[in-house]
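What follows is a set of notes on a single structure, which appears directly below.
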Amino acid sequence: ILTGSDEDNISTVQEYYYIADDNMSLDDLKKLTADDWKKNTGDKITVPANQRTLIYGKVVDKAGNTTYLNTDGLLTDTERPDIIITPKKNANTNGFYNDDIVYEVKVEDFSDSVVKDYSGLKYVKYTVTNDGKVSQSAIEYENPKTTKGGQAENFSVTINASKNNSNDIVLHVVAVDMAGNKYEKEQKLQIDNVKPEIDVTFDNNDVTNEKYYHANRTATIRIKERNLNTNDVKLDIVSEDNSKASVSKWTKIYNKDNPDATVYECKVTFSKDDDYEFNVSCVDKAGNESKGNHSSKFTIDTTTPVIDVSYSGNDTSEYRNHEVTATITITEHNFNKDDIQITPHAEDAANQPSISEFRSEGDRHTATVHFTTDGTYQLSTNYTDLASNVASSYEGEQFVIKVEGGEFVAGGGFHLTSGSSIKNTTIKNTNPSQLWNAVEFTGDATIENSTIVSEGYAITTGFGAKATVKN
């Protein structure tokens, strides 16, 4: 809206005006008709918005003298600039970047079929804030003049990940045109360029033979990470017998001063005997793969080995007139034959029995001890498995072998078990407290061509036992 005034010292004048959108010469003005000119009634003159305007005036006195005048031109601009911010690549599905990100920024002072002209840009500026603090900024365009500014300004902004490792990053762009119209636009984003750190510790580190544990183990997993979905933690637990480990819920320990030091924790308990392979890895919400992945192999064995010893013919009598074979069976999953102690005590060191190699079928491991020479013997066996589980030791009773003929001196009676026999042998009972019992049949057995010397009973039989005596 414009106002104007005029003055003539001789006669009154009439004022007229004409609004144009381009420069006009004096001749052009003189060609205008009376209808083209509008009489100035003293009211304010309204010019159209958003276009360049020139106002021409004509002052005529009563003598017909005419004076033409004009403004230098003016531009009214009521439209703000426009800002478009476009990333060169999109964030991942979780809305994160893990590296530098480039944004293309286009700033344009409004100009289309409706808006005929524009004042142009005065200045364009951007700032990048990280948790509310400015980390990057620049003035991309500035017009220090009062004349018309540029219509558009295109530029790119590289947001530096090392300076903006945060979940609260804002790219802020401000544009002001020459008419003072201001527009601001923000682009929020998140950058995480720090890899998760995995730490695994166990409560039971009492290991034997490098990987064997004779008690349950609980692993505590700690992952240091700002942006973690615990569903993206991979716990790979494989066991030989498909035993399942117990996994607790995850807990989050938030670090307000340093969110990257936030810790997620859970516990994994291995409580069943088995051979395990345990691997832990993860990826954070920004796609950073973990460093310090955990991998371990170990065996839980809480089961005590079992030693079983049997003798040929199930003969457990003290005096035996035949060769004896002892069968030793160890029941154990984690077996090592070098850890077995088999001690066949022979009264005569020259009469040591032979011991076979162990044969294994699953968890059963068997060896035999062969006593083939006349003599006095006693067998003991001890075993500790790879996990340091100690079996109950076996301590056998002493026994005497007389294969054919000869003389037995029975210090506490001579016991015959089922199926056993004595031939061509002399048995003397020398224990005063056991004179009544020279030979005791505890099962069906036979004495043939032999002599029994006893001051008491020569033969007694257990209940239901049958004694066969020949010659």
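What you see is a predicted model; the values in this text were computed from it and never measured. Just so it is clear, the values below take in all heavy atoms, side chains as well, and ignore hydrogens, waters and symmetry mates.
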- Please determine if Asp192 and Arg226 form a salt bridge, counting it only when a charged side-chain N lies under 4.0 Å from a carboxylate O. yes
- Item | Least distance between heavy atoms, Tyr254 atom then Pro259 atom | OH-CG, 4.0 Å
- Task: Among Ile342, Val369, Thr343, find the residue that satisfies the side chain to side chain contact (heavy atoms under 4.5 Å, CB included) test when tested with Thr381.
- Result: Ile342
- Item | Asp99 and Asn193: side chain donor to acceptor below 3.5 Å | no
- Can you tell me if Thr201 and Thr220 form a side-chain donor-acceptor pair at under 3.5 Å? no
- Check: Tyr276 ring centroid to Phe298 ring centroid under 6.0 Å: yes
- So do the side chains of Lys185 and Ile85 get within less than 4.5 Å of each other, counting heavy atoms only? yes
- Item | Inter-residue atom distance Asn382.CG - Glu395.CD, 0.5 Å rounding | 6.5 Å
- Task: Over all heavy atoms of both residues, which pair between Asp275 and Glu240 is shortest? Give the atoms and the distance, please.
- Result: OD2-OE1, 2.8 Å
- Task: Compute whether any side-chain donor of one residue and acceptor of the other, for Thr329 and Asp308, lie under 3.5 angstrom apart.
- Result: no
- Query: Taking the side chain as C-beta and beyond, is there a heavy-atom pair between Leu121 and Pro81 under 4.5 Å?
  - Reply: yes
- Message: Run the salt bridge (charged side-chain N to carboxylate O under 4.0 Å, His left out) test on Arg359 and Glu361 for me, step by step, so that the C-alpha distance in whole Å, both residues' side-chain angles and the decisive distance to 0.1 Å come before the verdict.
- Response: CA-CA 7 Å; Arg359 303 182 307 277; Glu361 293 183 6; over 6 Å; no
- If every non-hydrogen atom of Val200 is compared with every non-hydrogen atom of Ala219, which pair is closest and at what distance? CG1-CB, 4.0 Å
- Message: Tell me the closest heavy-atom pair linking Ile191 and Ile159, and the distance in Å.
- Response: CD1-CG2, 4.0 Å
- Note on the structure: Correct closest heavy-atom pair for Glu104 and Lys88 would be OE2-CD, 3.5 Å
- Item | Contact summary for Tyr383 and Asp339, nearest pair of heavy atoms | CD1-O, 3.6 Å
- Below 4.0 angstrom, N of the basic side chain to O of the carboxylate: do Lys122 and Glu142 qualify? no
- Task: Verify whether one side chain among Asn164 and Ser166 offers a donor that lies under 3.5 Å from an acceptor in the other.
- Result: no
- Pair Phe270 + Phe278: ring centers closer than 6.0 Å: yes
- Task: Go through the steps to decide whether Glu197 and Lys291 satisfy the test salt bridge (charged side-chain N to carboxylate O under 4.0 Å, His left out), and finish with yes or no.
- Result: CA-CA 5 Å; Glu197 295 183 18; Lys291 64 180 179 180; 3.6 Å; yes
- Are side-chain N/O atoms of His370 and Ser354 paired as donor and acceptor at under 3.5 Å? no
- Item | Among Asn167, Asp284, Thr262, the one residue meeting side chain to side chain donor-acceptor pair (under 3.5 Å) with Asn227 | Asn167
- Step through it carefully: locate the ring centre of Phe399, locate the ring centre of Phe371, and say whether they are under 6.0 Å apart. yes
- Scan side-chain atoms only and decide if Asp363 and Thr331 contain a donor-acceptor pair under the 3.5 Å cut-off. no
- Residues that Glu186 engages under side-chain hydrogen bond (donor to acceptor under 3.5 Å, both in side chains), provided they are two or more places apart: His172
- Using a cut-off of 6.0 Å, state whether more than 12 heavy atoms not belonging to Lys272 lie near its atom NZ. no
- Only residue of Asp301, Thr302, Asp206 satisfying side chain to side chain contact (heavy atoms under 4.5 Å, CB included) with His214 is Asp206
- Message: Aromatic contact between His365 and Phe335, with the criterion being ring centroids under 6.0 Å apart: yes or no?
- Response: yes
